[in-house]
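Below, read A as the first sequence line, B as the second, and so on, with proteins coming before strands; counting in each chain starts at 1. Computed from heavy atoms alone, side chains included, the values below leave out hydrogens, waters and symmetry copies.
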Number of protein chains: 2
Amino acid sequence: MPHFISQKDDRPYSPPKPLYEQVKSYVLKNMESGEWPAYFQLPSEHTLVREMGISRMTIHRALRELTQAGYLERIQGVGTFVAAPKKQRKAIELSEIDDIIRRRGGRHQCDVHFLQEEPIDNDAAAMMAMTSGEEVYRSYFVHRDNGLPVMLEDRYVHPKFMPEYLESDFTHLTADTLLSQKFALLSHSHVVQAAVSNAEINHFLELETTTACIVINRKSWLGDDVISAARLVFPGNRIQLT
Amino acid sequence: MPHFISQKDDRPYSPPKPLYEQVKSYVLKNMESGEWPAYFQLPSEHTLVREMGISRMTIHRALRELTQAGYLERIQGVGTFVAAPKKQRKAIELSEIDDIIRRRGGRHQCDVHFLQEEPIDNDAAAMMAMTSGEEVYRSYFVHRDNGLPVMLEDRYVHPKFMPEYLESDFTHLTADTLLSQKFALLSHSHVVQAAVSNAEINHFLELETTTACIVINRKSWLGDDVISAARLVFPGNRIQLT
DNA sequence: GAGTGGTCTAGACCACTCC
DNA sequence: GAGTGGTCTAGACCACTCC
């Protein structure tokens, strides 16, 4: 049992780690050393209170934070256990297109092919949770890296949530950035596919021949409302997502 | 000011959300509505205690959890503020292939085409931080969803870190899962591209014609060491990544 | 009924900032 | 010195599990 430094005993010069952090370290150390393997049942809060001389709220906070971080599992009425080795999900981070281009040392530029109000068609209505024929804002951009087209952005925006969309300046601000600034709590869902380019894509991305492209369908949500849906097309031979 | 349901008043039949969750919802609602915009200074804990009739520890827990989640920023001695709109990175979560297939209701199966020790070539040596000609473990798998090939997995594994690789059973456990189980702290980096299939891919994925594919190059790191590198090829017309 | 974790309170002391 | 957030305590009541 290690020695726990009480806050009161200590000199002001070197502030000790808070007690709950010390408890967390103690638990993690036991897990790392193999002393407490996966599925091991930890001592109860009451036992730790007694053994460590720390109040239950503090013990509880430490165990709660380790649980939130995925290290422990707690079952009310049963106990606290070392979490099973987790099958972690591997995330691919997607940056904004302008950030990707600038990070590569390129110059970002955005051509606005159109930006208008139009009646929504069936497919887009389903994506946007709107009814077919309803008016929707639609934009069609081509993003360039030092002049070379690297992404086509075909976007629908719900007029109710973003009435000012058509008046925005997209040469200095991407639509994604604009949306994120307006809605701090925006979340996104993605579907990634591969497809070969068709005549439309070849035209706007200035491709000479049929090319394999990454197609990302991104929906932007505010709670249960779909604020915007975009189809992003990247020519596979011109850009890599990292 | 909304009405906060005290735990004691309530009937046992419909347990109310805990008070700290109600405080979190209240804060988030004010943020969503624009009432509390970015950089807005929230009422102090003491004020919230008075106005809501909730104890400081409970208020504090709610604000702490929102801070940990990135919604608020707190400065000791100064106050609590709505966090600046973050230029958030949009993550695509990649599940393991067997999880993707099972989630779709399919049956996962893995064909082992080869699993051997071989001298590493130049390109792979660069990826694995090894020297050309050194012995490396290499595996070549095709994953199937109800019999249909949906992913080709061409993988190199560093023998020093995983000497038991060649003896493992890959019909019930993916290589990724095996690695994650052995190395709990494994991290990954990804490069995503699109490419059209070549003769090799057409053969192993049983594609009739040239097809657009998603190609993910995944490196698995333990600290600064590359444990494994894999090329994952998904036929774009058979699978979507979500 | 004994033991577990989940929540909440009222009060305390503290470090820090701003004036 | 007044106000802020950070931590900690001792005690309470509760829901839940297991026997």
Side-chain angles (χ1 to χ4, degrees), chain A residues 3-27 36 39-69 71-83, chain B residues 3-27 36 39-69 71-83:
Chain A
H3 174 238
F4 291 93
I5 304 163
S6 108
Q7 191 119 332
K8 284 175 192 161
D9 294 343
D10 208 71
R11 309 248 181 65
Y13 310 116
S14 62
K17 278 210 301 186
L19 278 177
Y20 72 88
E21 287 293 351
Q22 295 180 46
V23 176
K24 286 168 75 173
S25 300
Y26 169 71
V27 171
W36 294 356
Y39 309 109
F40 176 83
Q41 177 165 7
L42 270 66
S44 72
E45 294 192 349
H46 177 248
T47 306
L48 291 171
V49 165
R50 231 184 325 104
E51 290 182 348
M52 297 188 168
I54 292 175
S55 82
R56 185 170 162 234
M57 275 300 275
T58 301
I59 297 283
H60 182 78
R61 174 171 175 181
L63 298 183
R64 172 155 43 82
E65 292 188 358
L66 289 176
T67 303
Q68 283 166 349
Y71 293 110
L72 301 177
E73 288 205 2
R74 317 198 74 189
I75 307 172
Q76 196 175 5
V78 180
T80 302
F81 303 85
V82 175
Chain B
H3 175 238
F4 292 92
I5 303 163
S6 110
Q7 191 118 334
K8 285 175 191 160
D9 295 344
D10 207 73
R11 308 249 181 64
Y13 311 116
S14 62
K17 277 211 300 187
L19 278 177
Y20 71 89
E21 287 292 352
Q22 294 180 48
V23 176
K24 286 168 75 172
S25 300
Y26 169 70
V27 172
W36 294 355
Y39 310 111
F40 176 83
Q41 178 166 7
L42 271 65
S44 72
E45 295 193 347
H46 177 246
T47 306
L48 290 171
V49 165
R50 230 183 327 101
E51 291 184 349
M52 298 189 167
I54 293 176
S55 83
R56 188 172 157 232
M57 275 299 277
T58 301
I59 298 283
H60 182 77
R61 173 170 177 183
L63 298 182
R64 174 157 41 82
E65 292 188 358
L66 289 176
T67 304
Q68 284 167 347
Y71 294 112
L72 302 176
E73 289 205 1
R74 318 197 74 187
I75 307 173
Q76 196 175 7
V78 181
T80 303
F81 304 84
V82 175

In whole angstrom, give the distance that lies between atom CG of Leu66(B) and atom P of dG5(D).
-> 14 Å

Please determine if a side-chain N or O atom of Ser55(B) lies less than 4.0 Å away from the OP1 or OP2 oxygen of dG11(C).
-> no

If you measure from CG on Leu48(A) to OG1 on Thr58(A), what distance do you get to the nearest 0.5 Å?
-> 12.0 Å

Taking the side chain of His60(B) as its heavy atoms from C-beta onward, which of dC18(D), dT7(C), dT7(D) lies nearest to it?
-> dT7(D)

What integer distance in Å separates Leu63(A):CG from dC8(D):P?
-> 14 Å

Distance check: side-chain N/O of Thr58(B) vs OP1/OP2 of dT7(C), anything under 4.0 Å?
-> no

dA15(D) pairs with, by Watson-Crick or G-U criteria that keep both distances under 3.5 Å | dT4(C)

Whichever of Gly79(B) and Met57(A) has its nearest DNA chain D nucleotide further upstream toward 5' = Gly79(B)

N/O donor-acceptor pair, side chain Arg64(A) with base dG5(C), under 3.5 angstrom = no

Nucleotide dG5(C), atom P - distance to CD of Glu73(A) in whole Å | 14 Å

Take the protein atom CD of Gln68(A) and the nucleotide atom C1' of dG6(C), then report the distance between them rounded to whole Å.
-> 12 Å

Calculate the interatomic distance between Arg50(B) atom CZ and dG3(D) atom P; express it in whole Å.
-> 10 Å

How many angstroms lie between OG1 in Thr80(A) and CG in Leu72(A), if you round to the nearest 0.5 Å?
-> 7.0 Å

For atom CD of Glu65(B), decide whether the heavy atoms of other residues, nucleotides or ligands shown that lie under 6.0 angstrom number more than 12.
-> yes

Let me know the distance between CD1 of Ile59(B) and P of dG11(C), rounded to the nearest Å.
-> 16 Å

CD of Glu45(B) versus P of dT9(C): gap in Å, rounded?
-> 13 Å

Contact under 4.0 Å: Ser44(B) side-chain N or O vs dG3(D) OP1/OP2 = no

Should Arg61(B) be listed as having a side-chain N or O under 4.0 Å from OP1 or OP2 of dC8(C)?
-> no

Which pair of heavy atoms, one from Arg56(A) and one from Val49(A), lies closest together, and at what distance?
-> CA-CG2, 3.4 Å

Side-chain N or O of Thr80(B) closer than 4.0 Å to phosphate OP1/OP2 of dG5(D) | yes

For residues Lys24(B) and Lys17(B), determine if any side-chain heavy atom of one lies less than 4.5 Å from a side-chain heavy atom of the other.
-> no

When Tyr20(A) and Arg56(A) are each assigned the nearest nucleotide of DNA chain D, the 5'-most assignment goes to Tyr20(A)

Looking only at side-chain atoms of Arg74(B), point me to the closest of dT9(D), dT7(C), dG5(D).
-> dG5(D)

Which heavy atom of Ala62(A) sits nearest a heavy atom of Tyr20(A), and at what distance?
-> CB-O, 3.5 Å

Nucleotide of dC18(C), dA15(D), dG5(D) approaching Gln76(A) most closely (side-chain heavy atoms) | dA15(D)

Counting just side-chain N and O atoms, does His46(B) come under 4.0 Å of either OP1 or OP2 of dG3(D)?
-> no

Contact class for Ile75(A) vs. all strands (heavy atom < 4.0 Å): base, sugar-phosphate, or nothing?
-> sugar-phosphate

When rounded to whole Å, the CZ to P distance for the pair Phe81(B) and dG5(D) reads 8 Å

